[in-house]
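Order of the sequence lines fixes the chain letters, A, B, ..., with proteins taken first and strands second; residue numbering starts at 1 for each chain. These numbers were taken from a predicted model, which means no experiment stands behind them.
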Protein chains: 2
Amino acid sequence: MHRKIRIVDIAKMAGVSKGTVDRVLHNRGSVSDAARIAIEKVLEQVNYKPNIHVSAISLKRRYKIIVTTPEFSPGAYWESIHNGIRHALEEYENVKVDYQVFTYNQYDVYSCRETFEKIAGIEMDALIIGPTFNEETVNLCKKLDDRDIPYIFVDSTIEDTSPLAFFSADHYVCGFMIAKLITSLIPAHTNIAIFQAVRTGDRSANTTILRKKGFTDYLEKNRCSNLILSIPFSVTEPEDNEMYLSHLFHSQKDIPAIVVLNSRGNYIANYLANNHIEGVKMICMDLTTANIEALKKGQIEYLIGQEPEYQGFYAMKTMLEYLIFKKPVERQNYVQLDILTRENIDFYKSFNNIMY
Amino acid sequence: MHRKIRIVDIAKMAGVSKGTVDRVLHNRGSVSDAARIAIEKVLEQVNYKPNIHVSAISLKRRYKIIVTTPEFSPGAYWESIHNGIRHALEEYENVKVDYQVFTYNQYDVYSCRETFEKIAGIEMDALIIGPTFNEETVNLCKKLDDRDIPYIFVDSTIEDTSPLAFFSADHYVCGFMIAKLITSLIPAHTNIAIFQAVRTGDRSANTTILRKKGFTDYLEKNRCSNLILSIPFSVTEPEDNEMYLSHLFHSQKDIPAIVVLNSRGNYIANYLANNHIEGVKMICMDLTTANIEALKKGQIEYLIGQEPEYQGFYAMKTMLEYLIFKKPVERQNYVQLDILTRENIDFYKSFNNIMY
DNA sequence: GACATTTATGTGCACGTGCACGAAGATACA
DNA sequence: TGTATCTTCGTGCACGTGCACATAAATGTC
């Protein structure tokens with residue numbers, strides 16, 4: 001194997017100094033066409049890959065990166081995404097990053113709108129977005145596009161935007177898989193109750209819609225005869241849920257299976273436990289600490305994980321490498337869908353163990 | 001946050017030169033007790049963490065690392081482990097590593113013995129071992145211990161050895177989880193056929209024994225009434241398997257479920273397909289390309305993954321960081337047990353996508 | 001005590017990139 | 001032609017560690 005090519009090697013080949021090569025590599029301008037073309041010619045021939053270790057220690061400029069996601073509490077889904085983001089910054093501790101977090105209420109479209117308008121006015125190098133509402137996100141992204149500010153989505157992607165990349169589960173397939181799992185646990189012809197979060201202003205989250213679609217499609221394709229009971233679930237008015245649930249379980253219907261398409265499965269699990277309702281198989285989304293607890297207790301049969309730490313970590317990592325090294329970016333990044341049981345949950349790597 | 005502490009800072013604090021600090025940090029010797037103690041005192045107070053980027057570019061010495069595992073063919077389990085190892089070396093491309101691979105026949109204890117004896121005589125800095133046979137591995141490790149050569153296990157660990165670390169699934173839990181999955185797919189009181197690999201010299205692989213134990217323990221604990229049919233599986237004499245299988249399926253027994261505790265599940269799947277035996281639920285180990293194909297075709301219901309790339313990657317990464325930076329090592333490293341279905345298999349990251 | 005040998009310590013360079021600074025060359029305008 | 005302005009380009013330093021080499025101190029030997 002040949003010696004690794006360096007900037008000075010390219011400079012010598014192109015008959016210029018390393019400063020000029022540096023300007024071309026980083027698009028800094030102030031280069032004559034002749035010099036630029038000569039250098040580009042050399043770059044085509046040789047496969048130059050900067051030594052990232054040296055780049056790292058030589059870096060001087062600061063980057064301002066903004067992160068906006070729904071609000072979150074300890075142990076919740078969105079906290080994991082933020083943990084991943086922080087881990088990425090720790091890995092690149094030598095890079096000077098000012099990062100600022102803006103959260104909004106994911107059940108209130110006005111909160112989102114307000115936050116996004118504030119963000120749109122800020123000076124920044126890049127943005128990481130955890131989107132919920134379509135229209136508001138599209139509006140924000142339009143402004144970002146105009147200002148040539150790159151942005152990356154986590155958790156889900158939004159149509160009619162042009163992000164640098166997105167890191168998300170395939171929510172449709174997620175619902176599809178959940179249907180397969182739940183139907184393997186219960187007899188045919190039985191009922192399945194599905195809980196979905198309700199939001200203000202008649203808006204639904206992308207994610208839940210897609211999961212629901214995947215779920216029903218599976219049943220249809222496989223001619224499953226189970227009856228689906230769609231139950232609303234309110235995060236803002238938790239007292240309503242008590243009503244929905246008591247309604248469901250006093251309706252004399254047999255409910256052998258429950259599916260929760262958001263991360264609040266533990267809430268339902270607790271209701272069942274408190275009301276001594278047993279023998280219900282539950283499948284829920286996301287490895288929140290509360291959900292994991294319920295899984296270990298046997299209240300939940302399967303938890304579906306969508307690697308939130310991974311999403312956050314790679315969103316930030318990808319952004320940094322794009323900003324610093326102009327590293328080419330893969331746009332579509334679907335994360336793994338993990339099936340967790342009380343048996344394999346203890347080995348699940350929450351990225352705290354992984355580091356990277 | 002304070003400025004990061006450097007070697008020269010420590011040197012100044014201890015009243016010595018950076019060369020002496022370097023010698024203490026790397027245990028190079030030639031340091032007076034007085035100087036060593038002074039430096040160690042400073043090191044206790046400050047939290048020195050070397051800048052790995054600078055370390056990386058300053059590295060000069062070569063390391064010789066040997067890897068020994070069972071033989072493998074393309075797309076097979078052990079190949080993934082080797083892929084992970086290579087990825088780690090790519091990440092540390094600046095480190096000069098001579099690495100040499102020695103494989104042995106995992107079904108032949110003599111082959112293993114011969115290979116290990118050869119390895120024991122070689123000059124090296126470190127070793128990564130994919131063990132199969134207990135006694136032979138213990139013998140090799142004793143010699144390594146005498147020569148102070150660090151070694152790391154992948155795939156499984158061996159008692160009575162003192163490895164620097166091991167990266168492995170918890171095979172007992174794996175079997176336990178498989179039992180849970182398979183019993184959820186079939187009615188009570190039915191038969192379950194279990195395939196286990198047979199080896200020369202009456203030796204069994206650790207892994208299979210542990211998985212089988214976990215499997216039967218689950219059934220016992222949960223008072224499952226399924227009848228277990230243990231079927232041998234020979235890799236060396238494949239024509240025997242045809243016999244075992246035809247025996248099984250001509251015995252008039254109803255076989256609604258099959259569990260394969262090694263990575264050759266696809267072999268059984270093909271037998272079923274060729275003989276038009278349908279409606280059998282299979283759970284198999286490992287994401288070999290052949291197994292993945294069978295999973296996608298619907299011949300296999302669940303595949304259990306044990307992150308072989310991850311194992312290889314972190315085994316080599318851990319070893320390198322131990323050798324270079326004297327980084328402290330976590331001994332026990334249990335990998336994730338992934339449950340794959342035809343739905344989520346496409347999102348499974350084979351590390352080719354991940355890189356790191 | 002003189003010299004040889006061993007042990008302990010300090011000094012200085014290489015690693016390759018990012019970026020600041022200043023020099024040189026080109027162009028404009030009086 | 002002389003001066004000012006803008007564009008283009010080259011030079012050189014910083015980053016912090018690993019390690020080789022030179023130097024100084026301590027110890028051993030007769």
Side-chain angles (χ1 to χ4, degrees), chain A residues 2-40 43 46-63 92-96 320-321 323-327, chain B residues 2-40 43 46-63 92-96 320-321 323-327:
Chain A
H2 296 52
R3 208 187 174 310
K4 247 205 136 186
I5 200 121
R6 299 161 303 168
I7 288 185
V8 280
D9 300 323
I10 296 169
K12 197 172 286 176
M13 285 190 252
V16 293
S17 76
K18 76 191 183 81
T20 308
V21 176
D22 175 73
R23 278 181 278 270
V24 172
L25 285 173
H26 294 84
N27 276 324
R28 293 194 219 276
S30 297
V31 176
S32 68
D33 285 353
R36 191 176 44 73
I37 289 165
I39 292 167
E40 279 168 354
L43 286 175
V46 303
N47 175 24
Y48 173 68
K49 277 176 67 184
N51 185 325
I52 57 162
H53 296 294
V54 181
S55 293
I57 57 173
S58 313
L59 237 13
K60 260 143 204 164
R61 69 165 284 199
R62 303 190 76 85
Y63 294 95
Y92 284 85
E93 50 177 340
N94 44 289
V95 182
K96 285 133 195 59
L320 288 174
E321 292 183 342
L323 291 174
I324 300 168
F325 309 124
K326 300 271 176 292
K327 190 170 164 177
Chain B
H2 296 53
R3 207 188 174 311
K4 247 205 136 187
I5 201 122
R6 300 161 303 168
I7 287 185
V8 279
D9 299 324
I10 295 169
K12 197 172 286 176
M13 285 190 253
V16 294
S17 75
K18 76 191 184 78
T20 308
V21 176
D22 175 74
R23 277 182 279 271
V24 172
L25 285 173
H26 294 84
N27 276 324
R28 293 195 219 275
S30 296
V31 175
S32 68
D33 286 353
R36 191 176 44 72
I37 289 165
I39 292 167
E40 279 169 354
L43 286 176
V46 304
N47 176 24
Y48 173 68
K49 276 175 67 183
N51 185 324
I52 56 162
H53 297 293
V54 181
S55 293
I57 57 174
S58 312
L59 236 15
K60 261 144 203 161
R61 67 165 285 197
R62 302 191 78 85
Y63 294 94
Y92 285 85
E93 50 176 340
N94 44 289
V95 183
K96 286 135 195 61
L320 288 175
E321 292 183 341
L323 291 175
I324 300 168
F325 309 124
K326 299 273 177 291
K327 191 171 162 177

Visitor: Enter the inter-axis angle for the ends of the helix from C:dG1-D:dC30 to C:dA30-D:dT1 (five pairs per end, rounded to 10°).
Guide: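 Nearest ten degrees gives 50° for this helix.
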Visitor: For the atom pair CE (A:Met13) and CD1 (A:Ile5), what is the distance rounded to the nearest 0.5 Å?
Guide: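 With rounding to 0.5 Å, CE (A:Met13) is 3.0 Å from CD1 (A:Ile5).
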Visitor: Without decimals, in angstroms, what is the distance between B:Ile39 CD1 and C:dG10 C1'?
Guide: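 Result: 12 Å.
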Visitor: How long is the line joining CD1 of B:Ile57 and P of C:dC15, in whole Å?
Guide: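 Distance check: B:Ile57 CD1 to C:dC15 P gives 10 Å.
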Visitor: Give A:Val8 one of three labels, base, sugar-phosphate or nothing, depending on what nucleic acid heavy atoms sit under 4.0 Å from its own.
Guide: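 Since no nucleic acid heavy atom lies under 4.0 Å of A:Val8, the category is nothing.
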Visitor: Do A:Leu43 and A:Ile10 have side chains that get closer than 4.5 Å, going by heavy atoms?
Guide: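 SC-SC contact between A:Leu43 and A:Ile10 confirmed.
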Visitor: Output the rounded distance in Å from NZ (A:Lys4) to C1' (C:dC15).
Guide: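 So the two atoms are 13 Å apart, to the nearest Å.
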Visitor: Using a strict heavy-atom distance below 4.0 Å, which residues from residues 31-38 of chain A are in contact with DNA chain D?
Guide: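 Under 4.0 Å from DNA chain D: A:Val31, A:Ser32, A:Ala35.
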Visitor: Calculate, to the nearest 0.5 Å, the distance between atoms CG and CG belonging to A:Asn27 and A:Asp22 respectively.
Guide: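 A:Asn27 CG to A:Asp22 CG: 11.0 Å, rounded to 0.5 Å.
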Visitor: Within a strict 4.5 Å, meaning less than it, do heavy atoms of the A:Arg23 and A:Val16 side chains meet?
Guide: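 No, their side chains stay 4.5 Å or more apart.
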Visitor: Could you list the residues that satisfy side-chain hydrogen bond (donor to acceptor under 3.5 Å, both in side chains) with A:Tyr63, not counting sequence neighbours?
Guide: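 Applying side-chain hydrogen bond (donor to acceptor under 3.5 Å, both in side chains) to A:Tyr63 gives none.
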Visitor: In sequence, state the C-alpha distance, the side-chain angles, and the governing distance for B:Asp9 and B:Lys12, and then conclude on salt bridge (charged side-chain N to carboxylate O under 4.0 Å, His left out).
Guide: CA-CA 5 Å; B:Asp9 299 324; B:Lys12 197 172 286 176; 5.7 Å; no
Visitor: Can you tell me how far the CG atom of A:Leu25 sits from the OG1 atom of A:Thr20, to the nearest 0.5 Å?
Guide: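 Atom-to-atom, A:Leu25:CG and A:Thr20:OG1 are 11.0 Å apart.
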Visitor: Starting from P on D:dC15, measure out to NZ on A:Lys96 and report it in whole angstrom.
Guide: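 Those two atoms, NZ and P, are 10 Å apart.
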Visitor: Which atoms form the tightest heavy-atom contact between B:Ile7 and B:Tyr48, and what is the distance?
Guide: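 Reported closest heavy-atom pair: CG1-OH, 3.2 Å.
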Visitor: State whether A:Thr20 places a side-chain N or O below 4.0 Å from either non-bridging phosphate oxygen (OP1 or OP2) of D:dT8.
Guide: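 False: A:Thr20 side-chain N/O out of range (4.0 Å or more) of D:dT8 OP1/OP2.
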Visitor: Minimum heavy-atom separation for B:Ser55 and B:Pro50, please, with both atom names.
Guide: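 So the two residues come closest at OG-CB, 4.1 Å.
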Visitor: Kindly state each residue pair satisfying salt bridge (charged side-chain N to carboxylate O under 4.0 Å, His left out) with at least one member in residues 46-62 of chain B, sequence neighbours excluded.
Guide: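 Those involving residues 46-62 of chain B are B:Arg61-B:Asp125, B:Arg62-B:Asp98.
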Visitor: Using whole Å, what does the distance between atom P of nucleotide D:dT17 and atom CD1 of B:Ile5 come to?
Guide: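 Checked: the CD1 to P distance equals 10 Å.
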Visitor: In B/S/- notation, 5' to 3', how is nucleotides 18-26 of chain D contacted by protein heavy atoms closer than 4.0 Å?
Guide: BB-------
Visitor: Identify, with sequence neighbours excluded, every residue that meets salt bridge (charged side-chain N to carboxylate O under 4.0 Å, His left out) alongside A:Arg36.
Guide: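 A:Arg36: salt bridge (charged side-chain N to carboxylate O under 4.0 Å, His left out) contacts with A:Asp33, A:Glu40.
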